[in-house]
Amino acid sequence: MDILEVKDLTVSIQGKVILKNLSFTLKKGESHILFGPNGSGKTTLIGALLGLPSYEITSGKIFFMGQDITAKSTDERAKLGIVASFQSPPEIAGVKLADLLKLCLGKKPEDSFSSEEQQLIERFKLTAFLGRDMNVGFSGGERKRSEILQLIFLKGKLLLLDEPDSGVDVESLKLLASELQRYIERTGSAALLITHKGDIMDYIKAKYGCVLLNGNFHCFTDPLRMYEDIKNYGYEECVACRRRNTGGWNFEQRK
Ligand code: ADP
Ligand code: MG
């Protein structure tokens, strides 16, 4: 079953078209990697899928598990199971990590964590942070670990992950990405993951990668191969996809 179906989506910010007639689907248990240069509209896509008000959907439709959610509010979408981790998670002084995690679990502040929940917090190496204010003084890796744990506690069905690997050390990356993969496999949820790096694909088993360029997706293919092409030749060359015409990159000719 399709978790997400995006049909001919056009999104503008303050009258400027950022995404043009974008269409794609994400099936149960599938992860897709989204590459693209800075400013190409990756975060805009996540904002539009979340229904954040600054992203104006001028045409097209978004279906979540078969239901048209194009006109639904961010809150309604979140309740359906569309959750996101942000590129730069904000600091929230006065809100303890423990309380926010309990909120994600649908618990009250006076409730305690179950032993299973405690084990997961421990696996995320966040036990010592429970009494601290959200993200205040957290390192990059600590912020991202806490973000991913929140998504798991929210029992997200569609995970929108905006650069979960940026500013994260190799150990935290392995930890959060392996836990994400485990969650996706266990629950049959789906993930759209934005990255500029390749290491996260060691842990997240993504079916497709694609490049967002000039307002549209290009070339759904093996994300590891795509990443190598982008690294070697850049985004424009990658999406030109000469492979299709020549049956493979002609490395000699390119020199
Ligand atoms: P990416 O995440 O791929 O780096 P973004 O989706 O953040 O790109 O941005 C896409 C384009 O939209 C950029 O040109 C950016 O400057 C512009 N943009 C994003 N947010 C706003 C905003 N709030 N107001 C005006 N322009 C914006
Ligand atoms: Mg971005």
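Every number for a ligand or one of its atoms is a count from 1 in the order of the listing. This chain uses plain numbering: 1 for the first residue, then up along the sequence.
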Inspect the contact between [Y] and [X] and indicate whether a charged nitrogen and a carboxylate oxygen are less than 4.0 angstrom apart.
| X | Y | value |
| --- | --- | --- |
| Glu163 | Lys144 | no |
| Glu228 | Arg225 | no |
| Lys79 | Glu76 | no |

(request) Check the surroundings of atom CZ in Phe113: do more than 12 heavy atoms from other residues, nucleotides or ligands lie under 6.0 Å from it? (result) yes

(message) Do Glu122 and Thr127 pair up side chain to side chain, a donor and an acceptor below 3.5 Å, judged on atom types alone?
(response)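 Per modelled atom types, Glu122 and Thr127 side chains form a pair under 3.5 Å.
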
(request) Among Ile33, Ile46, Leu161, find the one that has a side-chain contact (heavy atoms from CB on, under 4.5 Å) with Ile194. (result)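 Result: among Ile33, Ile46, Leu161, Ile46 is the only option passing the side-chain contact (heavy atoms from CB on, under 4.5 Å) with Ile194.
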
Could you list each nitrogen or oxygen of ligand 1 that sits under 3.5 Å from a protein nitrogen or oxygen, with the atom names and the distance?
residue  : atom   : partner : partner atom : Å
ligand 1 : 2 (O)  : Thr43   : N            : 2.9
ligand 1 : 2 (O)  : Thr43   : OG1          : 2.8
ligand 1 : 3 (O)  : Ser40   : N            : 3.2
ligand 1 : 3 (O)  : Ser40   : OG           : 3.4
ligand 1 : 3 (O)  : Gly41   : N            : 3.0
ligand 1 : 3 (O)  : Lys42   : N            : 2.9
ligand 1 : 3 (O)  : Lys42   : NZ           : 2.8
ligand 1 : 4 (O)  : Gly39   : N            : 2.7
ligand 1 : 6 (O)  : Thr43   : N            : 3.4
ligand 1 : 6 (O)  : Thr44   : N            : 2.9
ligand 1 : 6 (O)  : Thr44   : OG1          : 2.5
ligand 1 : 8 (O)  : Gly41   : N            : 3.2
ligand 1 : 14 (O) : Lys16   : NZ           : 3.4

(message) Less than 4.5 Å apart, side chain to side chain, heavy atoms only: is that true for Tyr235 and Ile230?
(response)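 Tyr235 vs Ile230: side chains touch.
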
(message) With heavy-atom distances below 4.5 Å as the criterion, would you say the side chains of Tyr203 and Asp165 are in contact?
(response) no

(message) Quick check for you: within a radius under 2.8 Å, how many protein N, O or S atoms neighbour the Mg ion (ligand 2)?
(response)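 Protein N, O or S neighbours of the Mg ion (ligand 2) under 2.8 Å, waters not counted, come to 2.
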
(request) Give the ring-plane orientation class for His32 versus Phe24, where under 30° counts as parallel, over 60° as perpendicular and anything between as tilted. (result) tilted

